[in-house]
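Every number for a ligand or one of its atoms is a count from 1 in the order of the listing. Everything numeric here is computed off the predicted structure, so don't read it as measured data.
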Amino acid sequence: MSQEQRLPLPPGRLGLPWLGESLSLLRSNHGFYTDRLAAHGPIFKTRLFGNDFVVFSGHEAFHTFATDPRIVRGDADPITARQMFLDSLALMDGAEHQTRKSVLVRAIGFRSAIEAYLPRMQGLMSELIDSWRTQGTATIRPDLQLFAARLAGALYTGDESDGAARELSGILADMRAAFLTIPADLPGTRYRRAMRGRNRLIEIVDAAIERHRGADYDDVLARLLTAAGDAGVPVQTLRADVRHLIFASQAGLFAPLTLATMEVGRHPEIAARARAEVLEVAPEGPIPMAVLDRLVYLEQISKEVRRYFALNSATFFGRLTAPMEVGGYRIPAGWGAIGGIHINMRNPDVFTDPDRFDPDRFEEKRQAALAPGSYVPHGDGEFTHHRCPAENLVTVAIKLYLALLLRETEWAIPEQDLALTNELFPLPTSGLTVEFRQLKRSSSAVTTG
Ligand code: HEM
């Protein structure tokens, strides 16, 4: 018997045949991982939707999950991900994945591309912040949700109308809900609604591609079409990745923006320091990339928001093509593998006092000292692999939003239910009601109510 065969399987429960622990995961998308971390440690086994899986957390194990070529993505995800992300590159491997990924990275990862989208992003953010300032008190989650759908209209579909934004926002909410329900496509179920939403998204993206053909847009879709042409990716294939981008681009923005508003509003000392930076570096006018680069403390806040809050509980799922040894355990070939994102970033061995919101952990020297696999809100490894292509875009969007908010307003978070919901991306139960007032330039504090 080889050394590897003598090692034990990871701790954990497989549960019932086929079903395993799937219902616990549907009941609490994040609680599933935190409960098992507490019971079994950072590497544990489980059974979900007919497959045995091992969850990888702890920076070394997470890095292995993200980079080891024995772990592939094809045929690994449960039915919900395969249906909601139909034909997306996230569910593929090898040359096809790499070519398609290079197209996405050109359109949303390149600095020059992000720079091109900044003016529209700033315009829509400013409109929203102005409306909050005028209202005085606003419940901001629904507003940010609609804003992010409108931005998706501006950057992908070419239709920024209120009707289009509302429709897209509804469709994407239905699709997100699919991940927390039994995937049975039956009349009257949430899953049926999600499937209808997915089908409507297919129509919307196909219509947007038609609208863009031969027209003069400078948006993400135009860049995707050019990059796909250059890389030899058929438009027929690109459609699936455009749908993935639209899905991710809405929740991937409104969730961190809601949480950033809440957390900065609850920490007057962080708000004061951030505002001083903004008033020095970007007191008024457009905020281009070169100015955003200088908003160093805002960048730290944007990173801490993504570490501290549970955005993604896990990566897309993988599958072992050969046996592996991880953290002193053996995992047989054919088993599934999952990167446990959020539990990985509350690891006290890596992040001291992990339950404290502290942007200074991303001060340059401290961040440089983090081992690979430690800070992984967007996955790990190279962008050419499965790491999220929008990491820089998200950083830029959070910084731009906070800069505009801090230089225009002061805000307070009144008493309300801030417990986080059980959603794919958990947010405050109240929807986050905020009291805004015009910033008086001589004052520098955000107050908490
Ligand atoms: C806070 C915001 C976001 C977070 C935390 C996040 C996180 C992630 C994570 C964890 C993955 C999976 C990595 C893996 O399976 O190994 C991923 C993949 C992906 N994300 Fe994001 N994301 C965010 C926003 C966005 C946005 C705004 C977009 C698009 C505009 C986007 C597009 C994608 C795509 C296309 C993939 C699949 C990449 C591949 O498989 O090669 N994400 N993201």
Side-chain angles (χ1 to χ4, degrees), residues 56 62-68 71-74 76-77 81 84-85 87-94 96-110 113-114 117 121 144 148-149 151-152 154-156 172 176 219-221 223-224 238 240-260 302-319 336-345 373 375-399 401 424-427:
F56 291 56
F62 194 100
H63 192 62
T64 300
F65 165 82
T67 54
D68 194 301
I71 298 181
V72 297
R73 301 301 178 95
D77 272 284
M84 293 304 121
F85 292 108
D87 298 332
S88 158
L89 85 163
L91 316 176
M92 316 208 160
D93 301 289
E96 168 153 18
H97 171 264
Q98 253 187 16
T99 312
R100 289 169 63 175
K101 188 66 174 285
S102 71
V103 169
L104 267 52
V105 169
R106 248 181 86 179
I108 62 165
F110 278 17
I114 299 176
Y117 314 138
M121 216 187 265
L144 281 168
L151 185 63
L155 297 183
Y156 294 90
L172 298 175
R176 285 193 299 278
D219 59 6
V220 179
L221 183 53
R223 281 171 194 252
L224 284 168
L238 179 71
D241 297 337
V242 177
R243 295 195 297 268
H244 187 142
L245 288 175
I246 291 179
F247 177 95
S249 96
Q250 196 221 8
L253 292 186
F254 82 75
L257 298 187
T258 305
L259 295 165
S302 86
K303 289 184 172 149
E304 179 66 344
V305 165
R306 285 169 281 172
R307 182 202 71 85
Y308 180 80
F309 287 104
L311 287 160
N312 283 301
S313 55
T315 56
F316 283 90
F317 292 3
R319 174 171 61 81
I338 301 173
I341 291 187
H342 186 59
I343 53 175
N344 197 59
M345 295 191 295
Y375 177 66
V376 294
H378 293 267
D380 189 24
E382 302 295 329
F383 285 105
T384 47
H385 198 51
H386 283 283
R387 187 182 187 127
C388 175
E391 188 161 353
N392 294 335
L393 178 68
V394 173
T395 304
V396 161
I398 300 174
K399 288 170 72 176
Y401 167 81
L424 198 56
F425 307 106
L427 289 171

Worksheet item: Which one holds for Asp380 and ligand 1: side chain close, backbone close, both close, or neither close, with close meaning a heavy atom under 4.0 Å?
Response: neither

Practice prompt. Determine yes or no for a side-chain-to-main-chain donor-acceptor pair under 3.5 angstrom, with Lys101 supplying the side chain and Pro389 the backbone.
Written response: no

Worksheet item: Can you tell me the protein heavy atom closest to atom 12 (C) of ligand 1 and the distance?
Response: Phe316 CD1, 3.9 Å

Worksheet item: Tell me: protein heavy atom nearest atom 5 (C) of ligand 1, and distance?
Response: Pro377 O, 3.4 Å

Worksheet entry | Shortest protein contact, atom 10 (C) of ligand 1 (heavy atom only) | Ile341 CD1, 3.1 Å

Discussion item. Has Arg223 got a side-chain atom pairing as donor or acceptor with Ile108's backbone, closer than 3.5 angstrom?
Written reply: no

Discussion item. Heavy atoms only: which of Gly339, Ser249, Ala255 lies closest to atom 27 (C) of ligand 1?
Written reply: Ser249

Worksheet entry | Of Ile338, Asn344, Ile71, the residue whose pairing with Phe56 passes side-chain contact (heavy atoms from CB on, under 4.5 Å) | Ile71

Practice prompt. Go through ligand 1 atom by atom and flag the ones less than 4.0 Å from a non-hydrogen atom of His385.
Written response: 41 (O)

Worksheet item: For residues Thr395 and Arg306, is any side-chain donor paired with an opposing acceptor at under 3.5 Å?
Response: yes

Worksheet item: Between Phe85 and Phe316, is the ring centre distance below 6.0 Å?
Response: yes

Discussion item. Can you name the atoms of ligand 1, numbered from 1 with element, that are less than 4.0 Å from a heavy atom of Tyr156?
Written reply: 30 (C)

Worksheet item: Can you tell me the protein heavy atom closest to atom 16 (O) of ligand 1 and the distance?
Response: Arg73 NH2, 2.9 Å

Item to complete: Before accepting this row, confirm whether a basic side-chain N of the pair Asp241/Arg100 lies closer than 4.0 Å to the acidic partner's carboxylate O.
Response: yes

Worksheet item: What closest approach, in Å, do Leu172 and Phe247 show between heavy atoms, and which atom pair accounts for it?
Response: CD2-CA, 3.9 Å

Worksheet item: With no hydrogens and no angle check, is any side-chain donor or acceptor of Asp380 less than 3.5 Å from a backbone partner on Ala66?
Response: no

Practice prompt. Could you tell me which atoms of ligand 1, counted from 1 in the order shown, lie closer than 4.0 angstrom to a heavy atom of Leu245?
Written response: 29 (C), 30 (C), 35 (C)

Discussion item. Closer than 2.8 Å to atom 21 (Fe) of ligand 1, what protein N/O/S atoms do you find?
Written reply: Cys388 SG

Worksheet item: Nearest protein heavy-atom contact for atom 40 (O) of ligand 1: which residue, which atom, what distance?
Response: His386 ND1, 2.7 Å

Item to complete: State whether the side chain of Asp87 and the backbone N or O of Ala240 hold a donor-acceptor pair below 3.5 Å, judged by distance alone.
Response: no

Worksheet entry | Check: Lys303 main-chain N/O paired with Tyr375 side-chain donor or acceptor under 3.5 Å | yes

Worksheet, complete the sentence: Within the 4.0 Å heavy-atom cut-off, what Phe62 brings close to ligand 1 is neither

Worksheet item: What atoms of ligand 1 come closer than 4.0 angstrom to any heavy atom of Leu104?
Response: 35 (C)

Worksheet item: In the protein, which heavy atom is nearest to atom 41 (O) of ligand 1, and how far is it?
Response: His97 NE2, 2.7 Å

Item to complete: Without swapping roles, check the side chain of His386 against the backbone of Thr67 for a donor-acceptor pair under 3.5 Å.
Response: no

Worksheet entry | Any side-chain donor near an acceptor of the partner, His385 and His97, under 3.5 Å | no

